[in-house]
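I have placed the structure first, in the form of structure tokens, so that the comments after it can refer back to it.
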Amino acid sequence: MVLSERRGLIKTSGNGIYVSLPDEAGPAGRSVSDVVLHGRIEIDELPENIMCDWSGAYESGEPGFIEHGGPSVGLGVDPLFADIEQATLKWASAYGMADAMRLSRHTPVVCQGASFHSDAENFAQYGFCVVWLSQRDGLDLLFPNVDVRIPLEFGSIVFFDAAQPHGTVFEGYDSWCAQQYQRRAVDFRTRHFLSFDFPIAHPSVVCGLKLNLFSAEAGKHRHERLTVQGQHRTVDSVTGLWRKSP
């Protein structure tokens, strides 16, 4: 249902949003989930030298971007992340999705805030589980189309559909502004988190995130990567609302 429309921007929930899936052997596409699960897990801080290495991977030179701080690995590969993996699996098991999480890979990620975006183009077949590894300094993870705002503190965990638009903004603000980040952040401080990607079409995830899967016979088309109410849309980087594609 469309909640508001202004200047060509549309705020809408998952109904009527369709994402194409790239696997020819599986469903042709899926809906976009409005469900965002979040909480906090008890974990220890990673060694400071590791975090410095992650920070050094941030090469954009300006805030608003999300970049990998290291390689993606499967669960159980790197003992450095063992405690985080176990705490994440325990948390996911409360929602019946531990089996899906065991199939995930995780990636060290760094950012200096994050402009609004959807990961539907590159991660249509995945959901994300994010574990925040920086201390509370006034940043919120905001999902503007479903009115979910999560204060980010050390150990915050968020489980969501990668296609759902999201961004990281200062508390009290509903839009992204690089200049505002420059004014408020201390020395452009880089924030750290671990991002797990899990298969979105796993039965437990489909149930837990209340997703609909579509077959090719349902009249959907694989070449349309993402449509909102039948039209191809992108995400406005400032507001996180949907806008018509050029």
Side-chain angles (χ1 to χ4, degrees), residues 7-9 11 36 38 40 45-72 84 106-123 126-197 226 233-243 245-246:
R7 299 192 301 276
L9 301 180
K11 180 178 180 180
V36 179
H38 58 95
R40 192 179 181 193
E45 293 188 7
L46 295 177
E48 185 175 352
N49 65 308
I50 297 296
M51 308 308 276
C52 289
D53 288 344
W54 292 14
S55 295
Y58 194 87
E59 299 178 346
S60 297
E62 57 183 280
F65 293 92
I66 297 173
E67 300 185 7
H68 289 184
S72 299
I84 299 176
H106 54 67
T107 307
V109 181
V110 292
C111 71
Q112 291 183 1
S115 59
F116 287 103
H117 62 284
S118 163
D119 292 290
E121 290 294 323
N122 297 317
F123 295 96
Y126 296 110
F128 287 161
C129 179
V130 168
V131 178
W132 193 253
L133 299 176
S134 293
Q135 297 298 328
R136 176 68 180 158
D137 50 13
L139 287 176
D140 295 342
L141 179 58
L142 180 60
F143 297 82
N145 287 277
V146 294
D147 296 320
V148 174
R149 177 186 291 269
I150 301 162
L152 293 171
E153 55 187 335
F154 184 81
S156 290
I157 185 169
V158 189
F159 194 100
F160 62 99
D161 184 343
Q164 182 62 243
H166 53 284
T168 305
V169 299
F170 282 109
E171 57 185 328
Y173 291 84
D174 296 322
S175 60
W176 164 256
C177 176
Q179 291 75 22
Q180 178 192 90
Y181 188 93
Q182 290 172 334
R183 290 193 301 268
R184 294 191 57 177
V186 178
D187 297 328
F188 291 87
R189 186 165 52 189
T190 302
R191 276 73 174 186
H192 310 82
F193 60 95
L194 198 64
S195 180
F196 296 75
D197 53 59
L226 185 145
R233 299 272 181 175
T234 57
V235 175
D236 183 80
S237 62
V238 174
T239 66
L241 303 185
W242 298 102
R243 65 182 178 187
S245 300

| request: Just do the side chain to side chain contact (heavy atoms under 4.5 Å, CB included) check on V131 and F196 with the steps written out, would you? | output: CA-CA 8 Å; V131 178; F196 296 75; 3.9 Å; yes

| Is a donor on one side and an acceptor on the other found under 3.5 Å between the side chain of N145 and the backbone of Q164? | no

| task | Take atom CZ of F143 as the centre, draw a 6.0 Å sphere, and report whether it contains more than 12 heavy atoms from other residues, nucleotides or ligands. | result | yes

| Heavy-atom side-chain contact between V169 and D174 under 4.5 Å | no

| Are the side chains of F170 and Y181 in touch, meaning some heavy atoms are under 4.5 Å apart? | yes

| task | Would you mind reporting whether L152 and R191 have side-chain heavy atoms less than 4.5 Å apart? | result | no

| query | Would you say the side-chain atoms of S118 pair up with the backbone N or O of A163, donor to acceptor, closer than 3.5 Å? | reply | yes

| query | Given side chains that start at C-beta, do those of L46 and I84 come closer than 4.5 Å, heavy atoms only? | reply | yes

| Counting only N and O atoms by type, is there a donor-acceptor contact under 3.5 Å from the side chain of D140 to the main-chain atoms of L142? | no

| task | Please state whether the rings of H192 and W54 are parallel, tilted or perpendicular, taking 30° and 60° as the class boundaries. | result | tilted

| At what distance, to the nearest 0.5 angstrom, does CZ of F116 lie from OG1 of T239? | 7.5 Å

| query | What is the ring orientation for F193 with W132, classed by angle as parallel under 30°, tilted 30 to 60°, or perpendicular over 60°? | reply | parallel

| note | Taking every heavy atom of P63 against every heavy atom of Y58, the minimum-distance pair comes out as CA-OH, 3.7 Å

| Would you call M51 and T190 a side-chain contact if the rule is heavy atoms closer than 4.5 Å? | no

| query | Is any side-chain heavy atom of I150 closer than 4.5 Å to a side-chain heavy atom of V36? | reply | yes

| message | I want to check something: taking the side chain as every heavy atom from C-beta on, are W242 and T234 in contact at a cut-off of under 4.5 Å? | response | no

| Do the non-hydrogen side-chain atoms of P144 and K11 ever get within less than 4.5 Å of each other? | no

| said: Let's go through H38 and L141 carefully: what are the C-alpha distance in whole Å and the side-chain angles of both, what is the deciding distance for side chain to side chain contact (heavy atoms under 4.5 Å, CB included) to 0.1 Å, and is it a yes or a no? | reply: CA-CA 11 Å; H38 58 95; L141 179 58; over 6 Å; no

